[in-house]
Amino acid sequence: MLGYIIRRVLAVVPVMVIVALFVFLMLRLTPGDPAAILAGDSATPAQLDRIRENLGLNEPLHTQFIGWVTQMFRGDLGVSLISKTPVSTMIGQRIWPTLNIAVLTITLSVLIAIPMGVIAAWRHRSWVDYAVMTFSVLGFSVPVFVIGYVFIQIFAIELRWFPVQGYMAPSRDFVGFLQRAVLPAFTLATIYVALIARMTRASMLDVLGEDYVRTARAKGLRENVVLFRHALRNAAVPIMTIIGTGFALLIAGVVVTESVFNIPGVGRLTVDAILARDYPVIQAMILLTAGLYVLVNLVIDISYTLIDPRIRY
Amino acid sequence: MAHATQPASAMQALLGALSLPRRWRIGAGPIIAAVVLLVIVLSALLAPLYVPYDPMQMNSLNRLQPATADHLLGTDQYGRDLFSRIMIGGRVSLLIGVGAAVFSVLVGLLIGLVSGFFRIADAIIMRIMDSLMAIPAILLAIALVALNGPSVWSVIVAITIPEVPRVVRLVRSVVLGAREEPYVEAAIALGSGMFGILWKHLMPNTLPALIVQGTYICASAILTEALLSFLGAGVSTEIPTWGNIMAEGRTYFQVNPGLIFWTGAVLSLCILSINLLGDTARDMLDPRLKKREA
Amino acid sequence: MQFKTADLSAAPVVLSIRQLSVGLSGETTKVLDAISLDVREGETACLVGESGSGKSVTSLAVMGLLQKGSLEVTGGEIVLDGNDLLRLTPSQMRRIRAQRIAMIFQEPMTALNPVMRVGEQIAEVLKTHTDMSAGDCKARVLEIMEQVHLPEVPRIYRSYPHQLSGGQRQRIMIAMALVLEPKLLIADEPTTALDVTTQAQILSLIAELQERHGTAVLFITHDMGVVAEVAHTVHVMQHGRIVEQAPVESLLRRPREDYTRTLLSSVPSLVPRHVRAESRQQEVLEVRGMRKVYGGNGWFLRRPGTLAARDIDFSVVRGRTLGIVGESGSGKSTVARCIMRLVDPTEGEVRVAGIEIARLSRRALRPHRKHFQVVFQDPFRSLNPRWTIAMSLTEGPLNYGMRYSESFARAEEMIELVGLPRDSLHRYPHQFSGGQRQRIAIARAIMMRPDVLVADEAVSALDVSVQAQVLKLLGDIQQKLGVAILFITHDLRVAAQICDDVIVMQHGAIVEQGPAAAVLSAPRHEYTQQLINAAPGRHWDFANFRELETA
Amino acid sequence: MSKPIPTNAGAKIAKWQGGLAVAMVGALSLPAMAQTDADTITAVMHSGLRVLDPIITTAHITRNHGYMIYDVLLASDEEFNPQPQMADWEVSDDGLVYTFRLREGLTFHDGEPVTAADVVASLQRWGERDSGGQLIFDVTESLEASDDRTVTWTLSEPFAPLVEVLAKQSAVPPFIMPARIAETSADSSISEHIGSGPFRFVEEEYEPGVSVTYERFEDYVPREEEPSWMAGGKVVNVERVVWTTMPDAQTAVNALSAGEIDYIEQVQVDLLPILESNPDVVVETRDPYGYQTMGRLNFKHPPFDDKQIRQAALMALNQEDVLAAMMGDPEHYEVCGAIFGCNTPLADDTGSETLTGGGDPEGARQLLEEAGYDGTPVVLMQPTDVSSLTAQPVVAAQALRNAGFEVDMQPMDWQTLVNRRASMSAPDDGGWNIFFTNWMVPEITSPLISVMLNGRGEEGWFGWPEDERLEELRAEFIAAESLEEQQEVARKLQAHTLDEVIYIPLGQYNMPQARRDNLTDMIPSPVPVFWNVQKQ
């Protein structure tokens, strides 16, 4: 078990190295000049060149890459080319809104989606099933920002239940956090619920056809025990997997949702950084999200062994 | 069909792949979806023939009008006719969807077959694919669009690249599974070569899954195009797409909600239809599911 | 042969099925057509039939577990202790289950929840249906586990199903079924998935517990041998009807119905076929010192591999059949796959038609592949579902450069040889039954005119009547083409019917080897003796409706 | 707009939602109406603050930030007249020696007093970056602190507009910072943010691109005079000012309607109707001058290396079309042919007749023919991610095509554009022919400020015109001693600029601001400032 975890963690290394190299090269091949952003509209070419020199952007690529990687190994993410703020500070400030909303979203999604999927599978081909399926297809079909705007229009502007925008740290004011986080979380959750409900249903349909479910019924167990204690746990592995891979989808959603609801999170930070060619920030953020993705999936892989005793490595 | 005229060819394999049990149970849903999709595709393709206005023609006196007799769905912030823009915009959006689907499926099929069959290549390819999957697709796509400029092709490429690893994994898993099938072992015993088996037995096996995956990619590509436009990394607004119509319209959501609502409705309807058809295809093509229903 | 003969007419009827009909939802097809039967206290009633005869549907109907939306009861009644089960509400029915009727299933692996400890799975029954305290529950579970003769009960209590052997899992199922001492036990093919020695143990366990608790048992099986061992009364089913009902001995001695007769006649005899003259022809398959180790190389830690086969030596001559017999895990399939070079033997030689193939590269091997062909067990997976039969049949010859017209002509010839019409060539596999598909697979193999045909459990998935036909076909083909057959099977009866020589394998090694008559009639090795003793109904000659003369 | 909450909302919801949902909504919804703090102004600015060094960049948001935390020596009032702010000044009769005397009570935020040495260091760093500053330093003999409170600036030849340049509002005003900070190289950003202005920068709450917080600087001593633009007394009436950015204009408008924020610096004209219907919100024009939008041609490459073809391009364009596409409502734009901005002291509209008069495609066509235009495609760069710059290229492309130009419109994000416009390569080799941008009017009101009016070729601004006459005229302007003389030179500059088509002014527009009605007394200057503002 420990050997397995060590091997899995080691396997992450080449993945992250490839990600780092890929991102680095891609960014350097992208046209764009952080010096120009820094200096503003009326800077002259000579001024720009001096700034570029100062930022180290005139060094050869491999020198820049090696410099960056050694820096990373020292735990130093570098300094934003534009704002001169350490990247770690910027990420530190902005990761919490994103994480808090993401955690809320995942919690909500799982709480909503799994019962939905289980019931749909249980009542296969009934109206409940069709309703769940329709919702899940619909959830995939509407752009996240459209959902966001519709929610804002209905719940914030017409009904005035929630604020239109903004973010509040839960540590400062938990109710305030919830007020502001509910709409973004539901917006984000739409697609996630669709995804998880769909997978839960499919996985449960598989499992409900299994012999041990029949055994459980033959034992005279109540349906909810059959469904949740026997079937769901066996159906859990693909559901966990989809929660893990859906994490990537969540990141995409976060980027958009943060714009719609004006949440100062890392999604916007990254998009802004890409549009401003703030290399250290983009590199750090892509590595971070990639690392997070890998980590989440690693944890999920390892947790399979807790769910299913047959899985041994 | 396969009378004694031709030896087993890829074409036959393809037809064989699509020869399905005769008792397809298709409900009303998929049929409606097919009709809706057909209407959307045709009206996009034929749009230049019938749209009432040049979708690029600005008219500053007629900005952000609600729906009127003159402008069926109203106008946008430059006074351009929304109906014409949505219809014409569908061409590019659908092109992006279909293009991304076709490319990612083709590239993924190729890489996946190689990966599933050759162990050494597999190790390297899968590390690269893992890395690509780890990079959030949307960020990768934004960066790629920034790299190549906001043209239709670069958006297609930007959407395709993050999709490829998923297709590769799918193809690879089908190949790995099918390799163990007795009929593949029988083919080995019959002296079929690696490439023969790959092409004649394994590739057709991946087709149903790929067709299904292709529809999903198509749908998600259209959606991703909209997200990219929303984030400012989409196709230039000179070429209308559903995505950039909405992206431009988001500022005016309350002034003229039609910009997002109508475009979003057409887009969602289109994606809904594609997804429904994909689901139907999966239900018909996935033998596991068939067995369960039997 | 000792049959169960107890007179049970005085015993109270536990289960009474009257005119029970089951149909497909929304269709008129009847899956069960007005069947009636009684099971009395202490009685074992066997429900026998081939696949699709409706025996499992009967058991599920009694349990009220018919799949919702696809099967439903259309008429009749199922009376348990005077209550019609069909009239109970779902929650009443739930209380009946496990308390009054319990059921054990065919696949003990899949029938147990893989992610729950087995002890808890048994305890769950008590928790659901009784008010016992947790401590009492556990004590009762341990007690019942002792009763089913499980070893190291406290350890097994905490085990997961995959950590137990097949026999232990079935014992757990039985313990779970009997923990509340139900009146009726339904056993649906409870030993089919087990090895023959384990099967014998489980059968005697069921008998023992039945005797102790006086349980009525409805025993469903396709295996006449098992019937002969366990039944008081036998109900023969075909196409959803009960065609014959009789006490076991009279049924086996004096079957009244044609179908029963056919069924019994198809049961292969344990008496080996008459000995064919030792042939002087050349050896077409020769295996020397073969050994196979699976796995054994990790990236970071070198792990010991699994030794699947060792010291394998044998040869087969043209026109004769060598059987490899063994229980699951004995390494018999590994031997077959090594010979086919679907896996590479770790050590040793394999000569086919004089060519050493064990060490050839895959590419170098290809020209020689036509000399040895294979037929697999699963008729549903051994043909490419997307190919017409013609495509499957001509694939091999085309690989060896034969022109399409010529190979198509040969395909027509071969398809007729295996007893199928020519127009089968234009159809797809799903249009054929399992037996027909197995014929097609044989045709595909002999298209290559092989010297050796490896049949890996080629008839195990088939019903007895079909099995008999396919065995006969193999014999005929051997006669006509002179092919040597390597026949891998777990079934001693089948081996006795088709093999000239037999190899018995255990734990990856050959334990006994010789002419079938010698090995099966006078086994020398202890394990072979165990195998033969465990074969159910081994003293009865089913095909001739009498005791075996040699017994 | 602001529908009242139905009193029985809770009961209605309960019918169709689970108990949990009701509980949640109930618990969360009521306090959502809370207003912002009484002594904090939350303002949505036009862009996120990312660069904190107001000398290294010309970005408006950074300049605005500069006015919050730094003070300036001199400042111009709304009449464009320089006024003393941190210091008053004297000029020697020969116009060669300027003496600045710091007023009493000036303190940096770290508690240190402002000294003449700080001023000298700050001016020197500014002089390396600012184009006007560079001109002054070209003729500077010495700049030194005579004592703690006196700065003496000695010139080698007279530089008449020196005080105007020092008092300018844009683009890079000479902000005064402590000497140790001002000693940072002019090509690197400063890393400490300490000024002597009326607000203090709260470093801990700064989130680049998202929000920045300022606190009232208790020790700031305002001047006695009434405030007028950047001049006069900077009296702060609130405790905190928080600038935030909202990437989505709609969100900001909704937030202001709901009272979640107090102020929006720029409201897109099309969103005004939403706000105008709200009685608690005031929409107004703060800055009477607004912005100038313009196009720049590349002098280095065909076809615009040919003067006649440049003139044809100018003739083809029509300001009204561009402005209407940008702004819609004529109330918010103004056709204006003056390169120094309309209603400014140097305004003049010589040579702009076609631009302001609807364009002359026919004339343009003719000019093209005469020039022998060979159909070389014009590479027109279109930024896709800057909303105030999306309309110009589209309209211009249409107009140029009408006049017979081959136009190759290339969409790209603003970053790519900014990178590409610095490329002197040929257009088909990564270069360009036309791009568009916008300026605040105070950034172009004088030839000393306007970066476009630089004729030094490759040393100048993108497009690189080499134009000696332009340089001569600029020198003449510096030498001019009175407003009348300056106006005279300005007229010549105007005529020359439009004749040579140094750039194409495309008109002026205004971005209205919006505020909650309890926020009053904002100074109507081009730079939004938060002194003098009252929040009731």
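- C:Arg359 CZ: more than 12 foreign heavy atoms inside a 6.0 Å radius.
- The nearest pair of heavy atoms linking C:Arg381 to B:Glu180 is NH2-O, 4.3 Å.
- Taking 4.5 Å as the heavy-atom cut-off, the residues of residues 184-193 of chain B that approach chain C are B:Glu185, B:Ala186, B:Ala187, B:Ile188, B:Ala189, B:Leu190, B:Gly191, B:Ser192, B:Gly193, ordered by number.
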Report, one line per pair, each donor and acceptor closer than 3.5 Å where one atom sits in a side chain of residues 34-43 of chain B; sequence neighbours left out.
| unit_1 | atom_1 | unit_2 | atom_2 | d |
| --- | --- | --- | --- | --- |
| B:Ser43 | OG | B:Val39 | O | 2.6 |
| B:Ser43 | OG | B:Ile40 | O | 3.1 |

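- The neighbour count for B:Arg169 CZ, taken as heavy atoms of other residues, nucleotides or ligands under 6.0 Å away, does not exceed 12.
- Taken from CZ in C:Phe376 to CD in B:Glu181, the straight-line distance is 10.5 Å, to the nearest 0.5 Å.
- With sequence neighbours left out, B:Arg172 forms a salt bridge (Lys or Arg N to Asp or Glu O under 4.0 Å) with B:Asp122.
- Nearest heavy atom pair, residue B:Tyr183 against residue C:Arg444, reads CB-NH1, 4.4 Å.
- Minimum interatomic distance between C:Ser382 and B:Pro182 (heavy atoms only, all atoms of both residues): CA-CB, 3.8 Å.
- Within the 4.5 angstrom heavy-atom criterion, only backbone atoms of C:Leu383 (N, CA, C, O) approach chain B.
- Contact count versus chain B (heavy atoms, under 4.5 Å) is highest, among C:Ser392, C:Gly396, C:Pro367, C:Pro397, for C:Gly396.
- Residues of residues 268-275 of chain B never come closer than 4.5 Å to chain C when only heavy atoms are counted.
- Proximity to chain B involves both the backbone and the side chain of C:Asn384, based on heavy atoms less than 4.5 angstrom apart.
- Annotation: side chain of C:Arg362 is in contact with side chain of B:Met194 (closest heavy-atom distance under 4.5 Å).
- C:Met391 CE to B:Lys200 NZ: the interatomic distance, rounded to the nearest 0.5 Å, is 8.0 Å.
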